[in-house]
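Beneath this line is the structure, given in structure tokens, with notes to follow.
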Amino acid sequence: MKIRICDLGKHVGETVTLKGWLFNKRKSGKVQFLMFRDGSGLLQCIVFKGNVSEEVFEEAKALTQESSFEVTGLVKEEPRAFGGFELDVTNVKTISKAEEFPITPKEHGVEFLIDQRHLWLRSKKQWALMRVRHRIVKAVRDFFDERDFTLMDSPIITPNACEGTSTLFETPYFDLGSAYLTQSGQLYAEASAMAHGKVYTFGPTFRAEKSKTRRHLTEFWMVEPEMAFYDLNDDMDLAEEFLEYIVQSVLKDKKQELEILERDISKLEKVKRPFPRISYDQAVEILKENGVDFKWGDDFGAEDETIISSRYDAPVLVHRYPSEIKAFYMKRDPENPKVALAVDVLAPEGYGEIIGGSQREDDLELLLGRIKEHDLPQEFFEWYLDLRRYGSVPHSGFGLGIERTVAWISGIKHIRETIPFPRMIYRNTP
RNA sequence: UCCACGGUAGCUCAAUGGUAGAGCAUUCGGCUGUUAACCGAAGGGUUGUAAGUUCGAGUCUUACCCGUGGAGCCA
């Protein structure tokens with residue numbers, strides 16, 4: 001059984017051997033402090049000249065930043081040390097001496113760091129961020145699993161634009177002409193929900209739009225639940241419960257990581273149900289109160305979203321948007337056909353839209369009309385229309401953007417740090 | 001696509017139109033409790049590219065290349 005830093009609590013007073021890398025080193029003549037990392041945490045290893053042979057002392061001295069090595073020593077509790085433990089070293093064995101590591105302990109610019117993304121992932125903050133991302137993804141899966149949802153993966157290669165608006169990545173597809181990378185699993189989730197009742201899809205999605213902001217990637221991950229017999233209110237209830245669950249899971253299990261990220265925990269602790277719910281009309285009122293010259297019928301810009309969300313501690317659900325600015329499949333409000341039964345969730349602290357969802361149009365004739373209005377090729381949607389021909393039911397769903405959620409919960413400014421290898425409009429390496 | 005800003009040592013940044021510098025990193029030396037350790041020394045440059053103005057350009061002008069932030073669009 002291999003021991004990792006995260007397990008050291010069970011080995012206090014024992015002599016153990018660990019394998020990992022040199023994170024940083026400080027020395028002071030006859031004592032060396034090796035900051036050692038193994039992927040599970042950080043551990044300060046002390047090499048005293050009197051405690052080890054001359055050869056071992058020299059071997060430790062020769063280790064460069066990010067060299068891989070094996071270290072043996074006595075595990076001691078040490079409240080002052082990061083992680084709470086220290087290792088009194090008795091032996092050091094170099095595995096591979098590293099060349100000069102480009103990322104030094106001092107500050108670097110983003111351009112440089114993103115070029116070194118494959119190495120940047122080893123740094124403390126990026127390590128913590130990826131662990132938070134992992135916990136969020138686990139929370140997503142646990143949440144749906146605990147509620148009897150079935151995972152139904154949707155295709156990544158699709159024959160047409162799902163919502164008919166976005167610019168998609170095009171790829172040649174044998175004798176069938178062009179295919180496109182998916183921008184949403186939405187329509188497939190609807191078909192799946194008619195088979196399993198409650199489902200979710202979870203995978204990468206692609207947008208070829210030339211968005212160049214801190215909130216955009218060309219490739220990002222989205223989780224999309226879809227539920228038969230759910231109306232808009234049921235949909236909003238689920239979205240609320242879902243977000244609370246995710247935030248509380250991270251708070252419970254990733255305290256140390258949030259500390260490394262210097263996240264203000266008190267802000268996350270306020271993310272408790274019930275969340276505020278306002279209509280689009282009310283949101284427009286808020287903007288007008290704040291002196292924004294806003295026209296009913298327009299969509300909110302990034303600045304508008306910040307104004308609206310900054311009124312609340314928890315994410316705010318904005319519902320019933322003008323149907324003109326929403327996708328063709330969203331059901332109109334029977335009480336006011338000018339608006340769609342749609343909901344967007346805006347994260348606090350200016351992180352913007354993290355969820356978009358709606359009740360879907362379940363009436364065949366209305367949906368046919370909508371496809372014509374939007375000038376979409378009906379032949380591509382025949383299978384989708386079948387869902388309304390064979391036992392149509394009211395149903396709803398939403399999509400959550402994983403990277404924006406990670407950015408919000410971690411308190412990270414730029415979305416590019418929230419995914420291991422970001423894809424942006426002017427960058428597709430490393 | 002549009003607007004703004006930037007490009008000088010491996011990295012982060014200085015440098016009135018007048019000899020291109022510092023900190024970190026690297027190498028060497030010193031130090032038995034450091035924690036972005038500290039102290040001393042050394043090596044390290046076609047100032048994004050091209051042209052122009054000038055006695056003289058990192059600095060001024062023009063074009064181009066690359067990048068960053070934002071807008072629009074969106075999750």
Side-chain angles (χ1 to χ4, degrees), chain A residues 23-36 42-52 57 61-62 64-66 76 78 80-83 86 88 98-116 119-120 123-125 162-163 165-168 182-186 204-224 298-306 325-327 343-347 351-357 398-408 413-416 418-419 424-427:
Chain A
F23 188 73
N24 196 10
K25 179 169 64 177
R26 287 174 288 275
K27 57 187 172 63
S28 168
K30 299 199 175 59
V31 61
Q32 300 181 60
F33 301 94
L34 310 179
M35 223 7 148
F36 172 84
L42 280 171
L43 176 69
Q44 176 158 278
C45 304
I46 294 98
V47 189
F48 277 111
K49 198 152 195 171
N51 291 4
V52 297
F57 194 81
K61 209 167 157 186
T64 53
Q65 188 186 354
E66 287 303 322
K76 284 178 21 182
E78 175 54 70
R80 287 175 301 178
F82 180 84
E86 265 187 4
D88 251 350
E99 293 176 23
E100 185 178 338
F101 198 65
I103 304 176
T104 65
K106 285 275 180 176
E107 59 194 324
H108 298 279
V110 240
E111 188 185 342
F112 174 75
L113 288 171
I114 208 87
D115 277 340
Q116 310 290 334
L119 303 176
W120 190 21
S123 74
K124 207 165 163 182
K125 201 167 172 184
C162 162
E163 304 182 14
T165 49
S166 297
T167 318
L168 305 187
T182 185
Q183 59 153 340
S184 166
Q186 151 84 47
T205 50
F206 308 87
R207 303 282 163 92
E209 267 139 12
K210 290 200 163 183
S211 298
K212 196 176 165 343
T213 82
R214 71 178 66 191
R215 295 178 307 280
H216 289 87
L217 296 171
T218 55
E219 177 180 322
F220 64 97
W221 285 68
M222 192 155 66
V223 56
E224 295 172 283
D298 285 348
D299 208 349
F300 303 127
E303 187 58 30
D304 302 328
E305 287 180 355
T306 303
I325 55 170
K326 287 293 178 187
V343 58
D344 280 1
V345 181
L346 308 180
Y351 279 95
E353 183 183 347
I354 50 171
I355 280 182
F398 60 83
L400 171 90
I402 292 295
E403 287 74 17
R404 284 188 184 177
T405 304
V406 175
W408 162 49
K413 291 275 182 304
H414 202 301
I415 196 170
R416 68 187 152 205
T418 64
I419 187 167
M424 290 165 293
I425 110 172
Y426 292 124
R427 178 185 295 277

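Reminder, nothing fancy here: chain letters follow the sequence lines and each chain counts from 1. All values derive from a computational prediction rather than experimental measurement.
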>> Taking the C1' atom in each of B:G17 and B:A4, what is the distance between them to the nearest angstrom?
In response: 27 Å
> Donor-acceptor pair under 3.5 Å: do we get one between A:E86's side chain and the base of B:G33?
Replying inline: yes
>> At 4.0 Å (heavy atoms only), tell me whether A:K49 reaches a base, stays on the sugar-phosphate, or touches nothing.
In response: nothing
>> When you compare the side chains of A:T418 and A:H414, does any donor N or O come within less than 3.5 Å of an acceptor on the partner?
In response: no
> Is there a Watson-Crick or G-U wobble partner for B:G52 with both distances under 3.5 Å, and if so, which one is it?
Replying inline: B:C60
> Could one point to a donor on the side chain of A:S211 or the base of B:C73 with an acceptor on the other under 3.5 Å away?
Replying inline: yes
> Base, sugar-phosphate, or nothing for A:Q44, non-hydrogen atoms under 4.0 angstrom?
Replying inline: base
> Looking only at atom P, what distance separates B:A41 and B:C5, rounded to whole Å?
Replying inline: 42 Å
> Heavy atoms under 4.0 Å, any strand shown: does A:L400 hit a base, just sugar-phosphate, or nothing?
Replying inline: nothing
>> Just the rounded figure in Å: distance from C1' of B:A37 to CE of A:M35.
In response: 12 Å
> When all nucleic acid strands are considered with a 4.0 Å heavy-atom cut-off, which category describes A:F112: base, sugar-phosphate, or nothing?
Replying inline: sugar-phosphate
>> Quick check against the 3.5 Å criterion: does A:R404 have a side-chain atom that pairs as donor or acceptor with the backbone of A:I415?
In response: no
> So, do A:F220 and B:A75 meet the stacking rule of ring centres under 5.5 Å and planes under 30°?
Replying inline: yes
> Does A:K210 place a side-chain N or O at less than 4.0 Å from the phosphate oxygens OP1/OP2 of B:U1?
Replying inline: yes
> So what does A:I355 hit on the nucleic acid, given a heavy-atom distance under 4.0 Å: a base, only sugar-phosphate, or nothing?
Replying inline: sugar-phosphate
>> Does B:G69 have its OP1 or OP2 closer than 4.0 Å to a side-chain nitrogen or oxygen of A:R416?
In response: yes
> Going by number, which of residues 23-32 of chain A have a non-hydrogen atom under 4.0 Å from RNA chain B?
Replying inline: A:N24, A:R26, A:K27, A:S28, A:G29, A:K30, A:V31
> On a whole-Å scale, what distance lies between the P atoms belonging to B:U27 and B:A37?
Replying inline: 15 Å
> Can you name the salt bridge (Lys or Arg N to Asp or Glu O under 4.0 Å) partners of A:D299, sequence neighbours left out?
Replying inline: none
> Looking at B:C11, does its base get a donor-acceptor pair with the side chain of A:H108 below 3.5 Å?
Replying inline: no
>> Taking donor-acceptor contacts at under 3.5 Å, does the side chain of A:R404 reach the base of B:C74?
In response: yes
> Nearest-Å distance, CD1 (A:I415) to P (B:U68)?
Replying inline: 15 Å
>> Please name the nucleotide paired to B:G17 by Watson-Crick or G-U wobble geometry with both distances under 3.5 Å, or report none.
In response: none
> In whole Å, what separates the P atom of B:C28 from that of B:C66?
Replying inline: 41 Å
>> Please give the distance between the C1' atoms of B:G67 and B:C55 as a whole number of Å.
In response: 36 Å
